[in-house]
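One structure is given here, and the rest of the page talks about it.
Position 1 is the first residue of the sequence, and the numbers go up from there. Read the numbers this way: they start at 1 and go in the same order the structure lists the ligands and their atoms.
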Amino acid sequence: MLFKGGGLPHESLALQEKLFGAGPDYNFMTRIERFKNSLVRVQHFIRCCARYNLHDHADKKWFEGVAFPNEVSVLGPHSGMFIPTLKEQGSEEQIQKWVPQAEKHQIMGTYIQTELGHGTFVRGLETTATYDPKTEEFILNSPTLTSIKWWPGGLGRTCNFGIVMALLYIDGKNYGMHPFVVQLRSLKTHEPLPGLTMGDIGPKFGFDTVDNGYLQFNHFGIPRENMLMKYCQVLKNGTYTKQTRNPKFSYGAMIFVRSMVVYEVAGQGLAKACTIAIRYSAIRRQSELKKSRPEPQILDYQTQQYKLFPLLALAYAVWFTGVRMKEIYFMVNNEIKQGHTERLPELHAISSGLKAFTTSMASWGIERCRLACGGHGYSAASGLPKIYVNATGGCTYEGENTVMLLQCARFLMNIYGGVKNGRRPSGSVNYLGERISSRCTLTSEFTLKSLADAFKHRAARMIKEASERLNRLQASGNDPEDSWNLNSVVLTKAAEAHCHYYMVLVFESVVESVEDNCVKDILRQLCQLLALCGIQENSGDFIQDGFLNNDQLELVKQKQLSLLSEIRPNAVLLVDAFEFHDVQLGSILGRFDGNVYENLFKWAKKTPLNKPEDLIHRLLR
Ligand SMILES: CCCCCCC/C=C/C(=O)SCCNC(=O)CCNC(=O)[C@H](O)C(C)(C)COP(=O)(O)OP(=O)(O)OC[C@H]1O[C@@H](n2cnc3c(N)ncnc32)[C@H](O)[C@@H]1OP(=O)(O)O
Ligand SMILES: Cc1cc2nc3c(=O)[nH]c(=O)nc-3n(C[C@H](O)[C@H](O)[C@H](O)COP(=O)(O)OP(=O)(O)OC[C@H]3O[C@@H](n4cnc5c(N)ncnc54)[C@H](O)[C@@H]3O)c2cc1C
C-alpha cells in the first residue's frame, strides 16, 4: 500500500501539504467558504487518485484523511452509501449501468431515507413510489410536509443522483420500503429536475463541508428500471416478484456504514484527540511540583495521567475493535451474497451496538481531551472542536445510539430466550450458552483472561436479569410493547455491557497475538487499564451480585493508579504510533515538532479579525 500509515514518498508529502495542508485556514472561513473549499479539495482528491493510480481501499482512506482532515466531504455519502447500495441491492444490469459512472464521479449520489418527520422509524417513512403500468414508471411523491426528505448528505447543492427509500405501491397495495435510483439534477445545467424542490437545510452543529439537504417530490416519474431489483422485481405489467423479500435486506446500507463508523469515526477521532492532548501535555509546563524546581510537564501530574491514559487505552481498544468490526462485516456480507443469511441478525446487532457504544465513548473522550488542554484546548487552533463536532455526529446519524442499543438488546433477548429453549448460541454471543460462574478469578496480577471473564460475567448477568425482568413485566399483565418500553433502560445497559465485554475481549486477543515482548507488555498495560477503569466506573455492576468485593475493588483502584506511572514513559510513543500526519491532525497543539507557542502566535496574528483595514474601533463610537 502506497500510503499505509503515512509512509508517503517525501515528494508526495510535500505535494499533499501543498494541495491540502498549506491551503487557506479552515478556521478562518465562513460556512459557505468551507463548503466551497471542500468541493475544490474533492476535485483535487479525485485527480490525485487518478494520478497516483490509487485503488487500494486503505490507501484511499489514508489519503482522504489528508485531504479532508476531521471532516466529511460529499464523497462520504457517495462512496460510503450510494455506491455500496447500488452494488448490494442492484441487479447485475443495474450495477453495470450505474456503478462505473459513479466510480468515475460522472454522477455523484447520496442516500436519501430520512424525512422531516421520521428518521429512526423507517417503517413510518411516508414518501411514496406508485407504479403506473401504462407509462411503466414509478411516480414518486411527498404526500405530506413531514414526508419531505431531510438530512441526506450532499442533497442540498451537490449530488445529481440519489438512492431514495420510498413505499412501493402497486394497484393500491403497499409493499413497504424499497430503494429507487433517482436522477435529481440535469447533468448539463445541474438545475433540479422539474417536479423536485430541493436545497440545503442550513447551518448545523458541525459538518460544515457537507450540504445536508431537503427534497420534496411533486408527482415525479422515474423509469420502472430504476427500482433496485436484486431481491425483488416489478414487471412491466405491475406484477411484484421476490426472491427473498426480507425487509432486512433493504437495510443493508445502514449496516455497512455502522460497521465502518466504529473505526473511521470513533477510533480515528479519539486517537487523534489523544495524540493532541498527550503531545501537548508533554510540551506544556505549568505550576510547581516541587519548591524551587522548574515547572514540570503537566503530563507528570497524576491527575493529568488519570484523565488521559484511560482514554489512550480506550483509543487503542476502539481502534482494534473497529478493525475487527470491518473484518466481520466483509466476512458476513460475503456469506449473505452466497445466500447464507444466518448471521445477518448477529451482524445487525453487533454493528448497531458497537456503533452506539464506541461513538458515545469517543465523544465523551474527545471532550475530556479538550478539557485536559486548558485554555488552548478551547481554541480552534487545538483542532479539538472540529474533531469533536465531526465525531459526535456519529451518535445520531446511521441510527440514533439509544435506538441502536435497543436493536442490539432485541437480538440478545432473542438469543437468551433461545438458550432457555435449548438452542446453542455462537459467535459474539456464545458466552450466553455458558453457565454463569459467580466465582471471581481476579487477583492482584489482573491477568487479561481474568479481566475479560469479569466483563463476561457482568454482561451475562445483566442480560439474564433484563430477560427475567421483561418476563416479570409481561407476567404482571403488561402487553409485550409496554413491557419492552418499561424495561428499555435496563435493556440498553445490558447491550452496553455486551459491547464492553466484546471490546475487552478483542483487545485481549490482539495483545495475545503480539510476538514482540516489549510491545506485548505495553499493550497489556493499556488493556489492563481499559478493563480496570471499566470496572471502577461501573463498580455497581460488578459488586451487585457479590462477584467483586470491596477488597478486590480496592485492589482495582490501586492497580489502576500504579499503571498510570508505568504507562507515563511510553505515553508519547504510544500516540506517535498512530502515525497521524500533522495535516491529518489539524492541530497546532499536537504538532509532531512540538513547536506550539511560536505557531500559535503566528496563527493568531493571521486571524481575519486582526486585519488592519477592518476599522473595528469605528463601531465602538
Ligand atoms: C464515515 C462515516 C460518514 C457518515 C456520514 C453520515 C451518513 C449518514 C447516513 C444516515 O444517517 S442514513 C439513515 C440512517 N437511518 C437509520 O439508521 C434509521 C434507524 N432505524 C432503523 O434502523 C430501524 O427503523 C429500526 C430502529 C432498527 C427498527 O426497524 P423496524 O421498525 O423495521 O423493525 P424492528 O421490528 O425493530 O425490526 C424488524 C426486524 O428487522 C431487523 N432489522 C432492523 N434493522 C435491520 C438492519 N439494518 N439490518 C438487518 N436487520 C435489521 C430487526 O432486528 C428485526 O429482526 P427480528 O428481531 O424480527 O428478527
Ligand atoms: C450529520 C448527519 C448526517 C446525516 N446524513 C444522513 C444521510 O445521508 N441520509 C439520511 O437518510 N439521513 C441522514 N441523517 C439522518 C439520521 O439518519 C437521523 O437523524 C437518525 O437516524 C436519527 O433519527 P431522528 O432524527 O428521527 O431522531 P429521533 O428518532 O427523532 O430521536 C430523537 C430522540 O427520540 C428517541 N427515540 C426515537 N425512537 C425511539 C425508540 N424506539 N425507543 C427509544 N427512544 C427512541 C431517540 O433515542 C432520541 O433520544 C443524518 C443525520 C445527521 C445528524
Work out whether the distance between some heavy atom of Gly399 and some atom of ligand 2 is less than 4.0 Å.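 A heavy atom of Gly399 does come that close to ligand 2.
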Check contact between Gly393 and ligand 2, using heavy atoms of the residue and a distance below 4.0 angstrom.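 No, Gly393 has no heavy atoms under 4.0 Å from ligand 2.
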Any Lys/Arg nitrogen of [X] or [Y] sitting under 4.0 Å from an Asp/Glu carboxylate oxygen of the other?
X	Y	result
Glu88	Lys230	no
Lys36	Glu33	no
Glu335	Arg343	yes

Using a 4.0 Å cutoff against the non-hydrogen atoms of [X], which atoms of ligand 2 qualify?
X	answer
Gly153	7 (C), 8 (O)
Thr396	19 (O), 20 (C), 21 (O), 22 (C)
Gln113	11 (O)

For [atom], what's the nearest protein heavy atom and its distance?
atom	answer
atom 27 (O) of ligand 2	Thr120 OG1, 3.8 Å
atom 7 (C) of ligand 2	Pro152 CA, 3.4 Å
atom 3 (C) of ligand 2	Asn212 ND2, 3.6 Å
atom 37 (C) of ligand 2	Val403 CG2, 3.9 Å

So that I know where these two stand, are [X] and [Y] an aromatic pair - ring centroids less than 6.0 Å apart?
X	Y	result
Tyr316	Phe578	yes
Tyr502	Phe357	no
Tyr240	His178	yes

Ligand 1 versus [X], non-hydrogen atoms closer than 4.0 Å: side chain, backbone, both, neither?
X	result
Ile255	side chain
Glu400	neither
Trp151	neither
Val122	both

From the options [options], select the one whose nearest heavy atom is closest to [atom].
atom	options	answer
atom 36 (O) of ligand 1	Met254, Met413, Gln407	Gln407
atom 42 (N) of ligand 1	Met404, Arg258, Met260, His348	His348
atom 21 (C) of ligand 1	Leu75, Val72, Ile112, Thr120	Thr120
atom 4 (C) of ligand 1	Phe207, Phe121, Tyr397, Phe256	Tyr397
atom 2 (C) of ligand 2	Tyr397, Phe121, Phe82	Tyr397

Heteroatom proximity flag, [X] to ligand 1, N/O under 3.5 Å:
X	answer
Glu264	no
Val265	no
Thr114	no
Glu398	yes

If we only count N/O pairs under 3.5 Å, is [X] in contact with ligand 2?
X	answer
Trp150	no
Glu400	yes
Tyr111	yes
Gly119	yes
Thr114	yes

Surrounding NZ of Lys464 (heavy atoms of other residues, nucleotides or ligands, distance under 6.0 Å), is the total greater than 12?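 It does not: Lys464 NZ has 12 such atoms or fewer within range.
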Is it the case that atom CG in Leu193 sees more than 12 heavy atoms from other parts of the structure closer than 6.0 Å?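 Atom CG in Leu193 is packed in, count exceeds 12.
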Measure from the side-chain N and O atoms of [X] to the backbone N and O of [Y], and report whether any donor-acceptor pair falls under 3.5 Å.
X	Y	value
Glu71	Phe68	no
His190	Arg157	yes
Asn538	Asp541	no
Lys149	Gln113	yes

Go through the steps to decide whether Leu314 and Met503 satisfy the test side-chain contact (heavy atoms from CB on, under 4.5 Å), and finish with yes or no. CA-CA 9 Å; Leu314 180 63; Met503 190 168 73; 3.6 Å; yes
Begin from the C-alpha positions of Asn226 and Gln183 and carry the test side chain to side chain donor-acceptor pair (under 3.5 Å) through to its verdict. CA-CA 10 Å; Asn226 281 37; Gln183 180 174 345; over 6 Å; no
Using side-chain heavy atoms (C-beta onward) and a distance below 4.5 Å, is [X] in contact with [Y]?
X	Y	answer
Asn485	Glu481	no
Arg258	His348	yes
Thr359	Asn401	yes

Tell me which part of [X] gets within contact of ligand 2: side chain, backbone, both or neither, using heavy atoms under 4.0 Å.
X	result
Val210	neither
Trp151	both
Leu406	side chain
Glu398	backbone

Protein non-hydrogen atom found under 4.0 Å from [atom]:
atom	answer
atom 48 (C) of ligand 2	yes
atom 51 (C) of ligand 2	yes
atom 30 (O) of ligand 2	no
atom 41 (N) of ligand 2	no
atom 25 (O) of ligand 2	no
atom 35 (C) of ligand 2	no

Run the side-chain contact (heavy atoms from CB on, under 4.5 Å) check on Phe256 and Thr85 step by step: do they pass? CA-CA 9 Å; Phe256 170 72; Thr85 307; over 6 Å; no
Just do the side chain to side chain donor-acceptor pair (under 3.5 Å) check on Thr130 and Asn141 with the steps written out, would you? CA-CA 8 Å; Thr130 306; Asn141 195 44; over 6 Å; no
Shortest non-hydrogen contact between Leu75 and Met108, atoms and distance: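 Closest pair (atom of Leu75, atom of Met108, distance): CD2-CE, 4.1 Å.
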So for Gly80, does at least one of its heavy atoms come nearer than 4.0 angstrom to any atom of ligand 1?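 Not so, Gly80 does not reach ligand 1.
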Relative to Tyr175, does Lys173 satisfy both conditions: NZ or CZ under 6.0 angstrom from the six-membered ring centre, and within 45 degrees of the ring's axis? yes
